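Heads up: the structure comes next, in structure tokens.
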Amino acid sequence: MVDLGYQALIEHYESCLAKHGDSHLGVDWPTAEGADVRYRVMLDVIAPGAGRTKPQAAVTLLDFGCGAAHLAEYIERRDIRGIEYIGLDASPQFVELSRRKFPSRQFHCIDVLAENAELPEADYIVMNGVLTEKRGLAFDQMQRYMERLLPRVFAAVRVGMAFNVMSKHVDWERDDLFHVPYDMLAAFLKANVSRHFQFRADYGLYEYTTYVYREPR
């Protein structure tokens with residue numbers, strides 16, 4: 001297997017946790033307010049009303065790259081019903097922390113690109129911050145990682161998937177962030193994942209979120 005370099009990203013986030021603890025800085029979001037905006041936008045991938053009218057009809061949501069399970073905290077804080085939250089991260093440190101915080105929830109420690117790795121299926125999968133930073137990786141190296149990851153994750157999706165990347169439509173680009181052109185991502189998704197997708201850049205941050213679905217909405 002070609003070395004995609006993503007282990008360096010995992011190590012970066014673990015260093016943030018060691019430095020800042022269980023906080024927005026511990027998962028390298030600059031502000032708590034911006035982090036909450038991202039959680040809201042990630043949850044908007046779920047079809048309106050899905051799982052919210054009958055508790056027995058709860059949708060399953062896999063938080064891929066869950067970090068410290070702050071999305072689970074957001075869901076509880078806002079008393080959002082009808083979502084069965086499952087966490088997954090490649091970092092044992094983050095998974096151990098999340099299991100201590102939410103002992104009744106499922107958390108998986110999996111590197112999904114490792115040989116023979118099995119990703120749990122879910123109605124919806126969200127990847128918040130998994131593809132926004134590239135740190136010292138070259139753009140092409142990060143692109144290869146993304147193009148390996150997205151089809152692998154979508155294979156476990158029953159309904160829809162959400163992920164964010166940094167926008168090219170900014171005043172200036174940071175060398176350590178992953179700024180992805182719309183056209184490049186659209187062409188890849190159509191050819192390799194699904195043609196049913198939506199770009200969303202209406203929430204005031206220098207990024208955009210992509211929703212990808214198995215069927216037309």
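Everything numeric in this text was worked out from a predicted model, so none of it was measured. Basis for what follows: all heavy atoms, side chains included, without hydrogens, waters or symmetry-related copies.
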Worksheet entry | Test side-chain contact (heavy atoms from CB on, under 4.5 Å) applied to L177 and E173, step by step | CA-CA 8 Å; L177 300 182; E173 295 183 18; over 6 Å; no
Discussion item. Quick check for you: to the nearest 0.5 Å, what is the distance between M42 atom CE and F64 atom CZ?
Written reply: 12.5 Å
Fill in: F102 atom CZ: more than 12 heavy-atom contacts under 6.0 Å
yes
Item to complete: Determine, using the 4.5 Å side-chain heavy-atom cutoff (strictly less than), whether Y182 and V170 are members of one ILVMFWY cluster.
Response: no
Discussion item. Using side-chain hydrogen bond (donor to acceptor under 3.5 Å, both in side chains), reason through Y13 and E133 one step at a time and then give a plain yes or no.
Written reply: CA-CA 10 Å; Y13 285 107; E133 298 193 38; 3.3 Å; yes
Practice prompt. Take Y213 and V45 through the test side-chain contact (heavy atoms from CB on, under 4.5 Å) and record every step on the way to the result.
Written response: CA-CA 9 Å; Y213 298 97; V45 70; 3.6 Å; yes
Worksheet item: Which pair of heavy atoms, one from M142 and one from V130, lies closest together, and at what distance?
Response: CE-O, 4.0 Å
Worksheet item: Within the side chain of H179, is there an N or O that forms a donor-acceptor pair under 3.5 Å with the backbone of R174?
Response: yes
Worksheet item: Does a sphere of radius 6.0 Å around CG in D140 hold more than 12 heavy atoms from other residues, nucleotides or ligands, not counting ones at 6.0 Å or beyond?
Response: yes
Worksheet item: Is there a side-chain contact between I125 and L88 (heavy atoms, below 4.5 Å)?
Response: no
Worksheet entry | Spacing of CG belonging to L71 relative to CG belonging to D63, to within rounding of 0.5 Å | 4.5 Å
Worksheet item: Relative to the ring of Y208, is the ring of F199 parallel (under 30°), tilted (30 to 60°) or perpendicular (over 60°)?
Response: perpendicular
Worksheet entry | ILVMFWY cluster, M166 and V212 together (side-chain gap under 4.5 Å) | no
Worksheet entry | R200 side-chain N/O to Y211 backbone N/O, donor-acceptor pair under 3.5 Å | no
Worksheet item: Got T209 and Y203 here, is their nearest side-chain heavy-atom distance under 4.5 Å?
Response: yes
Worksheet, complete the sentence: Residues T132 and N164: closest non-hydrogen pair is CG2-O, 3.5 Å
Worksheet item: Is there a side-chain contact (heavy atoms from CB on, under 4.5 Å) between M127 and L149 once you walk through the steps?
Response: CA-CA 11 Å; M127 295 187 288; L149 186 65; 4.1 Å; yes
Discussion item. Assess the residue pair T60 and E121 against the criterion (side-chain contact (heavy atoms from CB on, under 4.5 Å)); give the C-alpha distance rounded to whole Å, side-chain angles, the decisive distance to 0.1 Å, and a yes or no.
Written reply: CA-CA 9 Å; T60 52; E121 291 188 355; over 6 Å; no
Discussion item. Using 0.5 Å steps for rounding, measure from the CG atom of D44 to the CD atom of Q198.
Written reply: 9.5 Å
Discussion item. Would you say that E147 contacts N192 through its side chain, given a criterion of any heavy-atom pair below 4.5 Å between the two side chains?
Written reply: no
Worksheet item: Hey, does V59 have a side-chain heavy atom less than 4.5 Å from the side chain of R158?
Response: no
Worksheet item: Side chain of Y145, backbone of L131: donor and acceptor closer than 3.5 Å?
Response: no
Worksheet item: Measuring from L137:CG to D175:CG, what's the distance to the nearest 0.5 Å?
Response: 12.5 Å
Worksheet item: Once you round to the nearest 0.5 Å, how far does NZ of K19 lie from CG of L25?
Response: 9.0 Å
Discussion item. The test is salt bridge (Lys or Arg N to Asp or Glu O under 4.0 Å); show your working for D36 and R78 and say whether it passes.
Written reply: CA-CA 11 Å; D36 276 1; R78 281 157 178 74; 3.5 Å; yes
Worksheet item: Ignoring hydrogens and geometry, is there a side-chain-to-backbone donor-acceptor pair from R99 to F107 under 3.5 Å?
Response: yes
Practice prompt. Could you walk me through whether D28 and H20 pass side-chain hydrogen bond (donor to acceptor under 3.5 Å, both in side chains), step by step?
Written response: CA-CA 9 Å; D28 211 15; H20 299 290; over 6 Å; no
Worksheet entry | Polar side-chain atom of S91 near backbone of I10 as donor-acceptor pair, under 3.5 Å | no
Fill in: Residues R135, E11: salt bridge by 4.0 Å N-O rule
no
Worksheet item: Does L189 offer a backbone N or O that forms a donor-acceptor pair with the side chain of S194 under 3.5 Å?
Response: no
Practice prompt. Could you go through the ring pair (Phe, Tyr, Trp, His ring centres under 6.0 Å) check for F178 and F139 one step at a time?
Written response: CA-CA 7 Å; F178 189 42; F139 180 90; 5.2 Å; yes
Worksheet entry | Heavy-atom side-chain proximity of R38 to V41 below 4.5 angstrom | no
Worksheet item: What is the distance from atom CZ of F163 to atom CZ of F197, rounded to the nearest 0.5 Å?
Response: 9.0 Å
Worksheet entry | Nearest non-hydrogen partners of D123 and A58, listed with the distance | OD2-O, 4.4 Å
Discussion item. Pair E76, R105 - check salt bridge (Lys or Arg N to Asp or Glu O under 4.0 Å), show working.
Written reply: CA-CA 12 Å; E76 289 198 353; R105 298 188 184 274; 3.0 Å; yes
Discussion item. Does the Lys NZ or Arg CZ of R144 fall within the cation-pi geometry relative to Y6 - under 6.0 Å from the ring centre and within 45° of the axis?
Written reply: no
Worksheet item: Got L43 and Y74 here, is their nearest side-chain heavy-atom distance under 4.5 Å?
Response: yes
Practice prompt. Answer whether the closest heavy-atom distance between the side chains of P92 and E14 falls below 4.5 Å.
Written response: yes
Response to the item:
Correct closest heavy-atom pair for L205 and G34 would be CD1-O, 3.9 Å
Worksheet item: More than 12 heavy atoms of other residues, nucleotides or ligands under 6.0 Å from CG of D202: is that the case?
Response: yes
Worksheet item: Judged by atom type as modelled, is there a donor-acceptor pair below 3.5 Å linking the side chain of K134 to the main-chain atoms of L9?
Response: no
Worksheet item: Honestly curious: do W29 and Y206 fall in one hydrophobic cluster under the side-chain, below-4.5 Å linking rule?
Response: no
Item to complete: Decide if atom CZ of R214 counts as having more than 12 heavy atoms of other residues, nucleotides or ligands within a radius under 6.0 Å.
Response: yes
Discussion item. On a heavy-atom basis, which atom in P120 and which in A156 lie closest, and how many Å separate them?
Written reply: O-CB, 3.7 Å
Practice prompt. Locate the shortest heavy-atom distance separating G26 from F94; write the atom from each residue and the value.
Written response: O-CZ, 3.7 Å
Worksheet item: Between Y85 and I80, is any pair of side-chain heavy atoms under 4.5 Å apart?
Response: no
